[in-house]
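To keep things clear, I will list the structure first and then write my remarks on it.
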There are 4 protein chains.
Amino acid sequence: MFIHIDPSSELAIYDQIVRQVKFAVADEAVQAGELVPSVRELARELTVNPNTVSRAYRQLQADGVLESVRGTGLAVAQGAPEQCRAVRMTLIRNRLRQVLLEAKHSRLNGENLRELVEQELAVIEHEKGEKQA
Amino acid sequence: MFIHIDPSSELAIYDQIVRQVKFAVADEAVQAGELVPSVRELARELTVNPNTVSRAYRQLQADGVLESVRGTGLAVAQGAPEQCRAVRMTLIRNRLRQVLLEAKHSRLNGENLRELVEQELAVIEHEKGEKQA
Amino acid sequence: MFIHIDPSSELAIYDQIVRQVKFAVADEAVQAGELVPSVRELARELTVNPNTVSRAYRQLQADGVLESVRGTGLAVAQGAPEQCRAVRMTLIRNRLRQVLLEAKHSRLNGENLRELVEQELAVIEHEKGEKQA
Amino acid sequence: MFIHIDPSSELAIYDQIVRQVKFAVADEAVQAGELVPSVRELARELTVNPNTVSRAYRQLQADGVLESVRGTGLAVAQGAPEQCRAVRMTLIRNRLRQVLLEAKHSRLNGENLRELVEQELAVIEHEKGEKQA
DNA sequence: GTGGTCTAGACCACC
DNA sequence: GTGGTCTAGACCACG
């Protein structure tokens, strides 16, 4: 499970951890039942205070993504991958809707929007191609 | 110029003011050269701390949207509407690109994305229709 | 709002705060919309670390009992009193059911249980009477 | 002696063992003088760390429920069944009293409480009936 | 070894 | 003034 922290991000560190763990779970980079890195280990790896990792893990427990296995560590909860995927999908939907709404307010009509989307899709594909090349 | 503050929003109040002023300028609801309400007046109107309005106006001056007219107040800068429109457009572009990228990471291909966009466009149109009705 | 901390309790301090705030809200000792004591103030009052109070308040926000009013403090959320009362009621129900179940397992029948309940009710009433006297 | 461990319980594993042994003794599922399974055996059976079983047995010795029989193992102490039954009874009494007290604080009077108890008794009886059916 | 809690003290943005 | 985040370091129970 590769987690990268951007200390200059506007997002809190603990939040970056939460999100990236959820992503890893959604992608089944860590599978249900598997143990996540220990608080101290991840803290060392990210050169971050253990309390910060602990807070992220606590949040993930509250969200039902992780489960505590006493004296052993924290494991990915059963059903968490599906749940994370579903949540991610609705998040994407909502953000997309917001952007489109804001574009509408800027007096773009449906056709303009489709064009805009095609342009951005092209940009993404292009970058992808460069990375692969 | 109608500004609405949502105190329970995650955005800072001064930021809400900044954004909405920029929107108003972009839409030419207030035109170049026109005076904006005084700090005190707007603060009273929004039932918000004058410091907060002051900070928003300071930000808008730094962004080149407002200009101080000595002894008179703050006015919308020449060229501000075009600038605001341009900025808004790139903001929308960036956000759209981000959403599409994240969707890509969720293993959606171009065709899935187009479909998603169409769905959301339909939702937006539908809501619009209901409001008008 | 009177909160008392028992440092020798098996419950974590932050949890004691959470529970007692919920009780106060349920009893409308603090009403919806009202501000709760500031983190620093309550910490001083309870001679506890501000972080501990902060953690309790964060939990209460997650539970929808408190709402952050930026730069002003934390306020009791609208509808929180009813919600807290309802939650408390189901908690009591569940605990009562558990006790009764365990009593059943100890081979007490319904009649024994009713008798037991009456005895305890009498004890409670008696103590109440002494306090009032 | 049937012991079931719930690893996801909030109770510590050693505590679950302690309680269930006491229950078994109270119900005379194991009788006074009888040997309990060895630490290793029970640990294997419950797929639990031997240290954990050891700790539970230590606790049970401290509570006077088990006695070490040199060179042989651990046996249920004389008088333990009666003692366990008595302890269990007072535990139930205390928990019942606590629940009733808390209910009182929620402004329920004696009559409300009796009604509540009757409802929960009915629920328990009903579930029991379903299980038997 | 594991997670959980608490303290102390610092820094930040917001109002 | 407010809450929010982070660090550092300590102590505890559990397995």
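Below, read A as the first sequence line, B as the second, and so on, with proteins coming before strands; counting in each chain starts at 1. No experiment lies behind these values; they were computed from the predicted model shown.
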Return the 5'-most residue of the pair C/Val39, A/Thr72 with respect to DNA chain F, ranking by each residue's nearest nucleotide.
C/Val39
Can you confirm whether B/Ile17 sits close enough to B/Leu46 that some side-chain heavy atom of one is under 4.5 Å from a side-chain heavy atom of the other?
yes
Closest listed nucleotide, where the reference is the side chain of A/Ile13 and the choices are F/dG3, F/dT7, E/dT5
F/dT7
Short side-chain N/O contact from C/Gln61 to OP1 or OP2 of F/dG3, under 4.0 Å:
no
If I compare all heavy atoms of B/Ile13 with all of C/Arg70, which pair ends up nearest, and what's the gap?
N-NH2, 3.8 Å
How close or far is atom P of F/dG9 from atom CZ of A/Arg40, stated in whole angstroms?
14 Å
Just the rounded figure in Å: distance from C1' of F/dG4 to CG of C/Leu66.
15 Å
At less than 4.0 Å, is any side-chain N or O atom of D/Arg55 found next to OP1 or OP2 of F/dC14? Yes or no.
yes
If you go through the side-chain atoms of A/Asn51, does one of them form a donor-acceptor pair with the base of F/dG9 closer than 3.5 Å?
yes
Counting side-chain heavy atoms from C-beta on, which of E/dG4, F/dT5, E/dC6 comes nearest to A/Ala12?
F/dT5
Could you check A/Leu11 against C/Gly71 and say which one's nearest nucleotide on DNA chain F is further toward the 5' end?
C/Gly71
Using whole Å, what does the distance between atom P of nucleotide E/dG4 and atom CD of A/Glu67 come to?
13 Å
Please state whether the phosphate of E/dT7, meaning OP1 or OP2, lies under 4.0 angstrom from any side-chain nitrogen or oxygen of C/Thr52.
yes
In whole angstroms, how far is the P atom of E/dT7 from the CG atom of C/Leu46?
10 Å
Steps toward side-chain contact (heavy atoms from CB on, under 4.5 Å) verdict (A/Ile92, B/His105):
CA-CA 11 Å; A/Ile92 289 175; B/His105 284 160; over 6 Å; no
Listing, residues 53-68 of chain D side-chain donor-acceptor contacts under 3.5 Å, not counting sequence neighbours, or none:
from, atom 1, to, atom 2, distance (Å)
D/Tyr57, OH, D/Pro37, O, 2.8
D/Gln59, NE2, D/Asp63, OD1, 3.3
D/Gln59, NE2, D/Asp63, OD2, 3.4
D/Asp63, OD2, D/Lys22, NZ, 2.8

Tell me whether the side-chain N/O atoms of D/Tyr14 come closer than 4.0 Å to OP1 or OP2 in F/dG15.
no
Residue mapping more 5' on DNA chain E - nearest nucleotide basis, C/Thr47 or A/Tyr57:
A/Tyr57
Expressed as a whole number of angstroms, how long is the span from C/Arg58:CZ to F/dT2:C1'?
15 Å
Please report the distance, rounded to the nearest Å, between CG in C/Asp15 and C1' in E/dC6.
14 Å
Can any side-chain N or O of A/Thr90 pair as donor or acceptor with the backbone N or O of A/Val87 at less than 3.5 Å?
yes
The nucleotide from E/dT7, F/dT7, E/dG3 with an atom nearest the side chain of A/Asn49 is F/dT7
Has C/Arg70 got a side-chain N or O lying under 4.0 Å from the OP1 or OP2 atom of E/dC14?
no
Distance-minimising heavy-atom pair for B/Phe23 and A/Glu102:
CZ-OE2, 3.5 Å
E/dG9: pairing nucleotide in any strand, Watson-Crick or G-U under 3.5 angstrom
F/dC6
Whole-Å gap separating P (F/dC12) and CD (C/Glu10):
18 Å
For A/Leu74 and E/dG1, what is the distance between atoms CG and P respectively, to the nearest whole Å?
17 Å
